[in-house]
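Only a predicted model underlies this, so the values are computations on that prediction, with no experimental measurement involved.
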Amino acid sequence: MGSDFYTDAFAADVARLRDPAWAEPNREQTARVRARLDALADELADQLSTRVRDLPAAAPEDAHLVVRDAGDWQLARLRALREIRTVAEQLADRTVAAAGTRGAGYPQLGDAWAITRQGARKKWPDAVSAMSEPPAGQQPRVTINAFGGTADVSWHGSEGGWWWIGQGADGTPGQAGEDTTYDTKEEAAAMAGAFLQQHAAPEPTPSGGV
C-alpha cells in the first residue's frame with residue numbers, strides 16, 4: 001500500500017470505535033487455535049516433565065512421545081496449560097488497557113470477554129480512560145425537566161456508560177447506584193424519568209366542600 005492510502009479520513013476512521021468490533025470465530029478457526037495450543041502444551045510439558053528430563057542419553061529420539069502415556073507427564077501437561085492460561089490472562093490485561101485508552105468502555109470489554117459490564121469493571125477497574133468520549137453523535141450531558149423536577153444524564157468515561165442524578169419536585173434527591181451505569185443514554189434517561197415521576201409535586205388539595 002502506498003502512502004496515499006493513509007489519508008486523514010483513514011486516520012479518523014481508525015480512531016473511531018467500530019460496532020461490531022469483531023465477528024465470532026467459526027468452527028474452523030476454533031479448531032485451528034485448539035490444535036496450536038495442543039501442540040504448545042505438549043512442547044512445554046516435555047520441557048517441564050521430570051520423566052522426559054531423566055530419559056537416558058541412549059533413549060530413542062521418539063522416547064518422549066512414548067512417555068506421554070504416563071500420568072506424571074499428564075500432570076506436567078496440566079502445569080503447562082496453567083502457564084498458558086496465566087500468560088493468556090496477562091495478554092488480555094494488556095489488550096484491555098490498550099482498548100480502554102482508545103475509547104472502549106466496559107460494555108464492550110465485557111462483551112468481548114463474555115462477562116457483564118459490571119464484571120468487566122470489577123476485573124479491570126482501571127482499564128477505561130476517564131477521558132474517553134461518549135459514543136459518536138452523543139452529547140456528554142443532557143438535562144431532563146419533567147414532573148416538576150430536574151435530572152442530569154451524563155457520560156461517565158471512567159465507567160464506560162451513562163449515569164443520572166436529579167431532584168424530584170418534592171425535594172427528594174436521587175441518582176443511579178454507586179456502581180450502576182447504563183449502556184445507552186436512553187436507558188439512563190428512562191430511569192431518571194421514572195424517579196422524577198415518582199417524586200412529582202403533590203397535587204393541590206381542592207378547597208371547599210364537595
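- Hydrophobic clustering (ILVMFWY, side-chain heavy atoms < 4.5 Å, transitive): Leu109 and Trp113 are in one cluster.
- The two residues Pro25 and Thr30 come nearest to each other via the heavy atoms CB-OG1, 3.9 Å.
- Counting heavy atoms from C-beta outward, Thr116 and Tyr106 have side chains that stay 4.5 Å or more apart.
- Looking only at distances, a side-chain donor or acceptor of Gln29 sits under 3.5 Å from a matching main-chain atom of Asn26.
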Only distances under 3.5 Å count here; give the side-chain donor-acceptor pairs of residues 144-153 to other protein atoms, sequence neighbours excluded, each with its distance to 0.1 Å.
unit_1, atom_1, unit_2, atom_2, d
Asn145, OD1, Thr150, OG1, 3.0
Asp152, OD1, Thr143, OG1, 2.8

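- The pair Asp93-Lys123 does not meet the salt-bridge criterion, since no charged nitrogen lies less than 4.0 angstrom from a carboxylate oxygen.
- Residues Ala41 and Ala80 come closest through the heavy atom pair O-CB, 3.9 Å.
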Side-chain polar contacts of residues 48-57 - donor-acceptor pairs under 3.5 angstrom, sequence neighbours left out - could you list them?
unit_1, atom_1, unit_2, atom_2, d
Ser49, OG, Arg51, N, 3.2
Ser49, OG, Val52, N, 3.2
Arg51, NE, Asp72, OD1, 2.9
Arg51, NE, Asp72, OD2, 3.2
Arg51, NH2, Asp72, OD2, 2.7

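- Between Ala188 and Trp162, the closest heavy-atom pair is CB-CB, 3.8 Å.
- Put simply, CD on Gln198 and OG1 on Thr172 are 8.5 Å apart, with the number rounded to the nearest 0.5 Å.
- Residues Asp170 and Ala200 share a closest heavy-atom pair of CB-O, 4.2 Å.
- Summarising the geometry, atom CD belonging to Glu43 is positioned 10.0 Å from atom NE2 belonging to His64; distances are rounded to the nearest 0.5 Å.
- Atom CZ in Arg32 sits 6.5 Å away from atom CZ in Arg36 (nearest 0.5 Å).
- The two residues Trp73 and Asp46 come nearest to each other via the heavy atoms NE1-OD1, 2.8 Å.
- Among residues two or more places apart in sequence or in another chain, the side chain to side chain donor-acceptor pair (under 3.5 Å) test is passed with Gln47 by none.
- Side-chain heavy atoms closer than 4.5 Å link hydrophobic residues (I, L, V, M, F, W, Y) into clusters, and following such links, possibly through other members, connects Val142 to Phe195.
- With contacts defined as side-chain heavy-atom distances shorter than 4.5 Å, the pair Trp163/Gln175 qualifies.
- In the hydrophobic clustering of this structure, Leu65 does not group with Val67; members are Ile, Leu, Val, Met, Phe, Trp, Tyr whose side-chain heavy atoms approach within less than 4.5 Å, directly or through other members.
- Grouping the Ile, Leu, Val, Met, Phe, Trp and Tyr side chains by contacts below 4.5 angstrom, directly or via other members, places Val33 with Ile84.
- Note that OH of Tyr182 and CE of Met191 are 4.0 Å apart. Values are rounded to the nearest 0.5 Å.
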Inset, instruction - Please lay out, stage by stage, how Asp38 and Arg77 fare under the test salt bridge (Lys or Arg N to Asp or Glu O under 4.0 Å). - result: CA-CA 10 Å; Asp38 266 342; Arg77 191 175 196 273; 3.1 Å; yes

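- Annotation for Ile115 and Trp124: closest pair CD1-CZ3, 4.3 Å, computed over non-hydrogen atoms.
- Ionic pairing of Glu83 and Arg79 is present here: one or more N-O contacts between side-chain nitrogen and carboxylate oxygen are shorter than 4.0 angstrom.
- Inter-residue side-chain proximity for Asp111 and Trp22 is flagged as met; some heavy-atom pair is nearer than 4.5 Å.
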